[in-house]
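The structure appears below as structure tokens.
Note that these values count all heavy atoms, side chains included, but never hydrogens, waters or copies made by symmetry. Whatever order the structure lists ligands and atoms in, that order sets their numbers, starting from 1. One is the number of the first residue; the rest follow in order along the sequence.
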Amino acid sequence: MTATYDTSLGLYIGGEWLHADGRDAHEVLNPATGRGQARLPLATTADLDRALEAAERGFKAWRVTPPEARGQVLQKTAALLRERAERIATIATLEQGKPRAEAIGEIGLAASLLDFHAGEALRIYGRVLPRPAGTRSLVLQQPIGPVAAFCAWNFPALNVVRKLGPAIAAGCSIILKPSEETAGTAVEVMRCFQDAGLPGDVAQLVFGVPDTISRHLLASPITRKLSFTGSVPVGKHLAKLAAETMMKATMELGGHGPVLVFDDCDLEKTLDTLVAHKFRNAGQVCIAPTRFYVQEGIYDRFAAGFAERTGRLKVGSGLEAGTQMGPMANPRRPAAIAELVEEARAAGAKVLTGGARGEGEGFFFTPTVLADVPLEARAMNEEPFGPLALLRPFGSDDEAIGHANRLPFGLAAYCFTENGRRQNRLGDEIEAGMVAINGVRLSWPDSPFGGMKDSGYGSEDGPEGVAAHMVTKTVHMS
Ligand code: NAD
């Protein structure tokens, strides 16, 4: 399939699309070829000030807009996303690299999330506390105010919707800076909101130098909430900036997903499920399964089966039919994975399959399985964020749980066992915001998505996603 990057990039501020007009620009690359395909205008300080003023106006109007009307905009946006899914998915693949079928699935989930948030807009309740002599106190939930949001490139549609949806449902306004690397998808998603009737001042889309933008927006007294999806170091830096103004924050940060595979699992089914899930989006998924701890009795069979299935994956351009894994998203990623593989190999890990950059142009890396990886290897401690599976044997349940909880991350964990008592123990004791048992799906519109420990705080999705955009106020009426 040949396709061109068919979108016009710009900033969206106060209901107006702003284009080059002398602004600095960023070149958006196609990761399958490594070549540039579009120029993205970057916001000036004056643009950011305009965005803040618009967000202030937008909040005043949107907070008093009836929840039904807010919900209708979200539902219409969801319908437009579904209608335009084929087109938007092609843009997402051209700028992020993932197979087009994955991009279409991502847009479907984004639309379902908006439908869910449309319902949540109607379920923002308070409480009435009876007091003596017929008086009462009211506990109110009110939208917190203009939100500054920043998100990563790995789910170019879903990450953007996860920021916009709950803020808009809650009655907040928002200034969103998605990744410059996947600007086209964000622009298309914003056009859906615009065409669905979202008033211009409610949501602004900006791009630029990330550190300059976040410092400017977070220092403004107009901004009342920070929402960030990205790496742990950037998250910690932004949390410090937010603390200066006691700003409420939601932090969706990195992970290092442990997978505990016990010898009573359904081995063939577990392998089929895990290999597909590991290499989704070339492993560039914050909840990706990464450290595979396999019980001694089945370790060799697991390793052989994992490597054999991995070696069969079809790698190529995300636009080609049948591609199971595309390129990595940017030139930083294959370089980082190559370093981690080399270091692990030198420390004693065995390369069962892959281990090298892909041939030809583009940011490809072969799907890689390393066995017997020493715990000290960097890859076992730093988030690889790539197509790298790390295997190690374990003996007892206690040992497996110890491994799972060993790192400062606490985002996603996976366990495979048929033993019900053990399933309960794993659910109780594993330190992760999301635990999957005998499956891999962790993201549903109605369930909270988020981490603990260094992986962040606050949740997106579910009722928690909207609640994170509210403040509690109590009115005592005497
Ligand atoms: P990154 O933290 O460098 O960048 C993430 C996003 O934040 C990008 O859009 C970037 O432009 C922006 N950013 C970077 N510095 C910023 C700053 N000072 N101010 C404002 N924005 C800034 O991470 P990355 O390496 O590009 O992305 C991968 C990371 O994101 C991984 O660690 C991954 O686990 C994490 N992630 C987490 C989730 C989640 O929901 N927990 C989802 C996707 C990605």
Is [X] reaching over with its side chain to a backbone N or O of [Y], donor-acceptor style, under 3.5 angstrom?
X	Y	answer
T368	T366	yes
T229	C151	no
S459	P448	no
K163	A148	no
Y5	G184	yes

Go through it in stages, so that I can follow the logic: the residues are E383 and R378, the test is salt bridge (charged side-chain N to carboxylate O under 4.0 Å, His left out), and I'd like the CA-CA distance, side-chain angles, deciding distance and then a yes or no. CA-CA 9 Å; E383 180 184 32; R378 263 180 57 209; over 6 Å; no

Can you list the ligand 1 atoms lying under 4.0 Å from a non-hydrogen atom of N154?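 So the atoms of ligand 1 that pass are 43 (C), 44 (C).
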
Atoms in ligand 1 with a heavy atom of F449 nearer than 4.0 Å: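 Those qualifying, in numeric order: 40 (O).
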
Polar contacts were defined as any N/O atom of the residue lying under 3.5 Å from an N/O atom of the ligand; does this apply to [X] and ligand 1?
X	answer
W153	yes
T229	no
L238	no
N159	no

Contact between [X] and ligand 1, counting heavy atoms under 4.0 Å?
X	result
G451	no
F155	no
Q284	no
E180	yes

Using a heavy-atom cut-off of under 4.0 Å, does the side chain or the backbone of [X] touch ligand 1, or both, or neither?
X	answer
C151	backbone
L411	side chain
V234	side chain
E181	neither

Which residue supplies the protein heavy atom nearest to [atom], what is that atom called, and how far is it?
atom	answer
atom 11 (O) of ligand 1	K177 NZ, 3.1 Å
atom 38 (C) of ligand 1	C286 SG, 3.1 Å
atom 7 (O) of ligand 1	F228 CE1, 3.3 Å
atom 41 (N) of ligand 1	L253 O, 2.6 Å
atom 33 (C) of ligand 1	F385 CE1, 3.2 Å
atom 34 (O) of ligand 1	E383 OE2, 2.6 Å
atom 19 (N) of ligand 1	S214 OG, 2.7 Å
atom 35 (C) of ligand 1	G230 O, 3.1 Å

Give a yes/no verdict on a cation-pi contact between R191 and W17, requiring under 6.0 Å between NZ or CZ and the six-membered ring centre and an angle within 45° of the axis.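 Yes, R191 lies over the aromatic ring of W17.
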
Contact bool for atom 2 (O) of ligand 1 (protein heavy atom, d < 4.0 Å):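 Under the 4.0 Å cut-off, atom 2 (O) of ligand 1 does have protein heavy-atom neighbours.
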
Stepwise side-chain contact (heavy atoms from CB on, under 4.5 Å) test for K248 and L226: CA-CA 6 Å; K248 191 165 173 170; L226 159 66; over 6 Å; no

Results of side chain to side chain donor-acceptor pair (under 3.5 Å) for R84 - residues two or more places apart only: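 Result, side chain to side chain donor-acceptor pair (under 3.5 Å) vs R84: D195.
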
Tell me, please, which residues at least two apart from R357 pass side chain to side chain donor-acceptor pair (under 3.5 Å). none

Evaluate the ring planes of F409 and H256, with Trp represented by its six-membered ring, and classify them as parallel (under 30°), tilted (30 to 60°) or perpendicular (over 60°).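 Answer is tilted, since the angle falls between 30° and 60°.
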
Ring centroid separation F207 to W153 under 6.0 Å: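 Ring-ring flag for F207/W153: false, centres at least 6.0 Å apart.
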
Does any part of the side chain of F364, heavy atoms only, come nearer than 4.5 Å to the side chain of E359, both counted from C-beta?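 E359 vs F364: side chains apart.
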
Could you tell me if the side chain of L205 sits less than 4.5 Å from the side chain of L11, heavy atoms only? no

